[in-house]
Structures are given as C-alpha cells and as structure tokens.
Amino acid sequence: MKVAAWNVNSIKSRLQHLKDWSADFHPDVVLLQELKCQDPDFPYMEIEEMGYHCAVFGQKAYNGVAILSKIPIKEVRKGIPGFQDEQSRYIEADLENGITVSSIYVPNGSEIGSDKYQYKMSFYAALHAYLKDRLSQEKPFVMGGDFNVAKESIDIHDPDKVGERILCSQAERHHLNSLINLGYADSYRVFEPHKQYFSWWDYRAGSWDQDKGWRIDYVLTCPYATDMLTAVGIDKTPRGWEKPSDHTPVWVEIS
DNA sequence: ATGTCCCTTGGAAAGGGA
C-alpha cells in the first residue's frame with residue numbers, strides 16, 4: 001500500500017498534475033494539503049473517477065486538507081482532537097483495512113515572534129498532546145503532510161541558512177523532534193539516513209533551477225506502521241512540470 | 001534585501017499569504 005503526501009497549492013490549479021502523477025505512480029492513498037477551496041468546490045467527480053474515495057476538509061482561499069483513498073473509508077475526523085482551530089489543517093480517516101491515515105498542514109508561522117508564529121507553536125503543542133495520547137492505540141497510524149519545519153541541517157540546501165529564521169528556528173525544530181521522540185518515525189530517514197533530498201522549492205529566486213530546496217514535508221509513522229515500512233521516497237518529478245506546485249510528493253510503502 | 005504563484009475583491013489592479 002503506497003501512501004503519498006502532497007501540498008498541491010490549490011487543488012483546482014493542480015488537478016491535472018494530480019491526475020498525471022497518480023496515473024504514473026498509482027498511490028493507494030494521497031494526503032493533500034493547501035486545497036484552497038471550500039468543500040462544495042472540491043472536484044469530487046473527477047477524483048472519484050480516478051478510483052478514490054474522498055474525505056475533504058476545505059476552507060475558502062487558504063489551507064484545506066483532504067484524504068484520497070482507493071481503500072474504502074470507514075470514519076472521518078476533522079481538526080486535531082481537543083484543539084479549537086478556525087483553520088482547516090487536519091483530517092484523519094480510518095480505512096477498512098484497519099489503517100488510520102491523516103493529512104496535516106502545519107501553519108507556516110510567517111516570522112518568528114509574530115502572531116502567526118505563536119499560532120504555529122500552539123498548533124504543534126496540540127499535535128504533540130494528541131500524538132502522545134494516541135500512542136496507546138495499538139493500530140497502524142500514518143500521518144503525512146507539510147510540517148513547515150526543516151528537521152536537520154541536512155534538510156536545507158544551505159547549512160548557513162540554519163538558525164533563527166522561520167522554518168528552521170530552534171523552537172520549531174524542537175517541536176518537530178518532540179513528535180518523533182514520542183516514538184513516531186520520520187519515515188524517509190528510516191531508509192535514507194544521510195541523503196540530502198528536498199520536498200519544497202520556493203517559487204522565488206530561481207530556487208528550483210538551482211536546487212535550493214528544503215525538506216519540510218514528512219510522513220510520520222507510529223511504531224506499528226514503522227515496522228510495516230517497505231520503501232520510502234520523494235518524487236520530485238512533478239515539481240519540474242509546467243505550472244507546478246512549489247511542493248512535490250513524499251511517500252511511503254507499507255505492507 | 002526577495003526575482004513567483006494563487007487566492008480574493010470587484011469588475012482592474014492590488015493586497016494577503018506562502
């Protein structure tokens with residue numbers, strides 16, 4: 001079973017890319033971020049025609065997450081349990097095969113010290129509390145999406161950039177690492193401990209052409225799911241297409 | 001320091017967000 005996570009930066013603008021990439025890669029589950037559309041505007045028909053069941057948590061203009069699954073969906077929950085949030089950034093679904101998957105879009109944070117940054121800190125704190133709580137559920141759980149943090153120096157194209165700036169401040173990295181220290185794996189590193197490979201390239205400053213990227217998209221797996229991992233990867237192919245998202249899919253295979 | 005893209009409003013161009 002292949003599970004991919006992809007920040008598409010508008011599902012309407014990226015529908016053809018999603019179709020083309022899925023036809024090539026055949027993911028069983030696709031976790032989408034930044035839909036930038038309300039639920040009624042989600043292209044259900046076209047995505048169902050691709051063979052996916054859809055669970056959607058949309059929002060006007062910003063944010064929005066979804067789960068596409070070839071395996072039937074039993075139950076859907078929206079928002080981080082126990083966290084009051086105006087924004088649509090988290091959705092999870094129990095699949096009929098017993099696996100729970102979730103799609104997450106962590107706030108960007110704008111600038112260190114800003115209100116948006118404080119919101120990012122609160123979001124991570126709530127996520128930590130929830131993930132700690134659900135460790136007692138001894139079932140496979142796979143969470144993928146845009147965490148808006150580069151975990152280590154190797155996850156940034158220019159190590160000199162590491163430091164007190166957004167996406168790589170000590171506090172942000174501490175938050176991401178604290179999730180992993182609970183027992184969840186950064187699945188990419190399970191198979192690729194030393195490889196530098198990116199998932200996001202800023203639209204600006206010719207970042208893609210110069211491969212000035214960051215790894216800020218992850219698939220986290222609970223211990224049960226980590227034991228089931230057979231392969232991981234980041235497919236940067238669609239980032240090179242015409243009119244791309246600034247992110248590219250990250251994926252895992254579990255069996 | 002920000003060279004781009006996508007959204008919204010309002011019905012063109014500009015601001016917000018990333």
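Numbers restart at 1 for each chain; the letters A, B, ... are given by sequence-line order, proteins then strands.
One can place CH2 of Trp200(A) at 12 Å from P of dA18(B), the figure rounded to the nearest angstrom. Atom CG in Asp202(A) sits about 11 Å away from atom P in dC5(B), given to the nearest Å. Atom CG in Asp209(A) sits about 12 Å away from atom P in dT4(B), given to the nearest Å. With rounding to whole Å, Lys60(A) atom NZ is found 10 Å from dC7(B) atom C1'. Atom CD in Gln59(A) sits about 10 Å away from atom P in dA18(B), given to the nearest Å. Per the geometry, CD belonging to Glu34(A) stands 11 Å off P belonging to dC6(B), to the nearest Å. Atom CZ in Phe147(A) sits about 18 Å away from atom C1' in dA18(B), given to the nearest Å. Between the CD atom of Glu172(A) and the P atom of dA18(B) there is a distance of 13 Å, given to the nearest Å.
For dG10(B) and dG16(B), the P atoms lie 14 Å apart once the distance is rounded to whole Å. Across dG15(B) and dG11(B), the matching P atoms stand 15 Å from one another, rounded to whole Å. For the P atom pair drawn from dA13(B) and dA1(B), the interatomic distance equals 30 Å after rounding to whole Å.
Of the residues in residues 239-248 of chain A, Lys243(A) come within less than 4.0 Å of DNA chain B through at least one heavy atom, sorted by number.
Here Lys120(A) does not reach the OP1 or OP2 of dG17(B): none of its side-chain N or O atoms lies under 4.0 Å away. In terms of phosphate contacts, Arg14(A) brings a side-chain nitrogen or oxygen within less than 4.0 Å of OP1 or OP2 of dC6(B). OP1 or OP2 of dC7(B) sits under 4.0 Å from a side-chain N or O of Ser13(A).
Evaluated for a side-chain contact (heavy atoms from CB on, under 4.5 Å) with Thr221(A), the options Val3(A), Thr226(A), Val232(A) yield exactly one hit, Thr226(A).
Among the nucleotides dA18(B), dC6(B), dC7(B), the one closest to the side chain of Asn9(A) is dC6(B).
Under a 4.0 Å N-O distance rule, the pair Lys212(A)/Asp202(A) does not qualify as a salt bridge.
Checked against the 6.0 Å centroid criterion, the rings of Trp6(A) and Trp21(A) qualify as a close aromatic pair.
Counting only N and O atoms by type, the side chains of Tyr105(A) and Gln59(A) include no donor and acceptor under 3.5 Å apart. In the model, Asp146(A) has no side-chain atom that pairs as donor or acceptor with a side-chain atom of Gln33(A) under 3.5 Å.
Both Ser10(A) and Ser110(A) lie close to DNA chain B; mapped to their nearest nucleotides by heavy-atom distance, the more 5′-ward contact belongs to Ser10(A). Place Lys36(A) and Pro107(A) on DNA chain B by their nearest nucleotides, and Lys36(A) ends up nearer the 5' end.
Using cut-offs of 30° and 60° for the angle between ring planes, the Tyr197(A) and Tyr188(A) rings count as tilted.
Stacking of Lys2(A) on the aromatic ring of Phe25(A) is recorded, both the 6.0 Å distance cut-off and the 45° axial limit being met. Figure legend: cation-pi geometry between Lys236(A) and Phe198(A) absent, as NZ or CZ is not positioned both under 6.0 Å from the six-membered ring centre and within 45° of its axis.
When heavy atoms are screened at a 4.0 angstrom cut-off, Ala205(A) is found touching base atoms of the nucleic acid.
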